[in-house]
There are 2 protein chains.
Amino acid sequence: MSANSRLTIAAHALTWIGLYQRRGHEVATSEQIATSVNTNPVVIRRLLAQLSKAGLADSRRGAGAGWMLARDLSAITLLDVYEAVEPGPVFALHRATPDPECVVGRGIGPALTAVYDGVEAALRRELAGATLEDVLRDILKAA
Amino acid sequence: MSANSRLTIAAHALTWIGLYQRRGHEVATSEQIATSVNTNPVVIRRLLAQLSKAGLADSRRGAGAGWMLARDLSAITLLDVYEAVEPGPVFALHRATPDPECVVGRGIGPALTAVYDGVEAALRRELAGATLEDVLRDILKAA
DNA sequence: GGCGTCGTAACAAATACGGTTACGACCAGA
DNA sequence: TCTGGTCGTAACCGTATTTGTTACGACGCC
C-alpha cells in the first residue's frame, strides 16, 4: 500500500498545539511544531491549512502569529482529522474500465464497491472512536 | 490516499478463473483474464504469482498451460486476497523519527499505533466477511 | 516602518504504480 | 525430437504521489 503519513503528522501537530496551549501559551508557530515532528515548517503549514478549512485549527497572522485549536482536543476525533487530510478512498477500482462484454467485467465493480463501502464505514467507526484527548492521555501516561 | 487497484484486479482475476472453470474449462490463460480486466497479461501474471505463493491459485506450464484456482471460490475471502497482494499497513507513521526531546514526539508513535492496529483489525474483519463466492453471486444476480 | 509569521506557489528528489517489451523455462502434442 | 503456446521474471518507461525545500508576498503587532 502506498500509505502516507498525513494523518499521523496532522494528529501530531494538533496534539502538540493542544498541549502547548494547556501549558499557558496562546499560539504555536509552525516552526515549533516542525521541530517536534522533525520536518519542514512548510509541511506543517500545508497540513494546518487543510485542518483550518475543516474547522479544526485557526491561525493568527502578523507579529506574534501562530496556530491555535478551533476546538478542544476532546472534541476532535481522528476521523475528523482523517477527513480533513485524506481525500480519496482506501481501495481503488480498475484504472481502465474492464471489458463490458464480460459478465465479470461488468459486474465486478459494483460488487466490490459494496464491500469497499463496508470497509470504509468500519474504518471510520474506528477512527471516530478515538479523540485527540485520548491520544494525549496515552502519551502522558506512557511518559 | 494513494490507493492502488491490486486488490480489485486480483479479486477480478480469481473470480474470472472460478467462473471459467465452472463452465467446464480446465485452465485460464493470463491473456484471457487480461482481456476481461482490460490490462496487460504481464500485470495479471505478476499478481497471480503472488496469489500462487499465498496458496490461492496454481499454474500449469508448457502447452495447454494456464491458471486454476487452488481452492474453491467459497473458500477464498477478500482478506486472503488482500494479504496476498498488499504488503504494508494502511497508515504510515512519521517518515523521519520525531523529536525524542519532546513528550509528544516520543509518545505519539505508540499512541497512534494502538489506534491504527484497531483500524487494521476492523478492516480485516470486513474483508474476511466476503468470499469470492459472494462476489460472484452478486455479479450474476445483477446480470 | 520593521520584524516575524502565515499562506502559497514553484520546484526537486524519492518512491510507487501500472504498462510494455523481452526472453528463457517449460511441456503437451505432432 | 521438434514446435508452439504459455508461464515466470527481469528490465525499463511514463505518470502520479508524497515529502522536502526555497522563495516571496501578505499581514499585523510593536
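Since we're looking at a predicted model, the values are computed, not measured. Per chain, numbering begins at 1; letters A, B, ... match sequence-line order.
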Distance below 4.0 Å between A/S5 side-chain N/O and D/dT18 OP1 or OP2: no
Test item: A/T15 and A/I139 side chains (from C-beta on) under 4.5 Å apart, heavy atoms: yes
D/dC7 phosphate, OP1 or OP2, under 4.0 Å from B/S30 side-chain N/O: yes
Sugar-phosphate, base or nothing in reach of B/G64, heavy atoms under 4.0 Å: nothing
Protein-nucleotide distance (A/R6, atom CZ; D/dG20, atom C1'), rounded to Å: 14 Å
From CG (B/D134) to NZ (B/K141), nearest 0.5 Å: 9.5 Å
B/D58 CG - C/dC26 P separation (whole Å): 17 Å
Integer-rounded Å distance: D/dG5 C1' and B/R60 CZ: 14 Å
Mind listing the side-chain donor-acceptor pairs of residues 40-56 of chain A below 3.5 Å, one per line with the distance, residues two or more places apart or on another chain?
| unit_1 | atom_1 | unit_2 | atom_2 | d |
| --- | --- | --- | --- | --- |
| A/N40 | OD1 | A/V42 | N | 3.0 |
| A/R45 | NH1 | A/S30 | OG | 3.1 |
| A/Q50 | NE2 | A/A84 | O | 3.4 |

Quiz item: B/R61 side-chain donor-acceptor pair to D/dC7 base, under 3.5 Å: yes
Spacing between B/F91 atom CZ and D/dT18 atom P, to the nearest angstrom: 13 Å
Integer-rounded Å distance: D/dT18 C1' and B/L93 CG: 16 Å
5'-most by nearest nucleotide on DNA chain C - A/A63 or A/S59: A/A63
Those residues of residues 31-51 of chain A lying under 4.0 Å from DNA chain C by at least one heavy atom: A/V42, A/R45, A/R46
Smallest separation among heavy atoms of A/M68 and A/I17, with atom names: CA-CG2, 3.9 Å
Between P of D/dA16 and CZ of A/R95, the distance in whole Å: 9 Å
Contact check, side chains of B/P98 and B/R106, non-hydrogen atoms, under 4.5 Å: no
Qualifying residues under side chain to side chain donor-acceptor pair (under 3.5 Å), relative to A/T35, sequence neighbours excluded: none
Nearest-angstrom distance from the residue atom NE2 of B/H94 to C1' of D/dT18: 16 Å
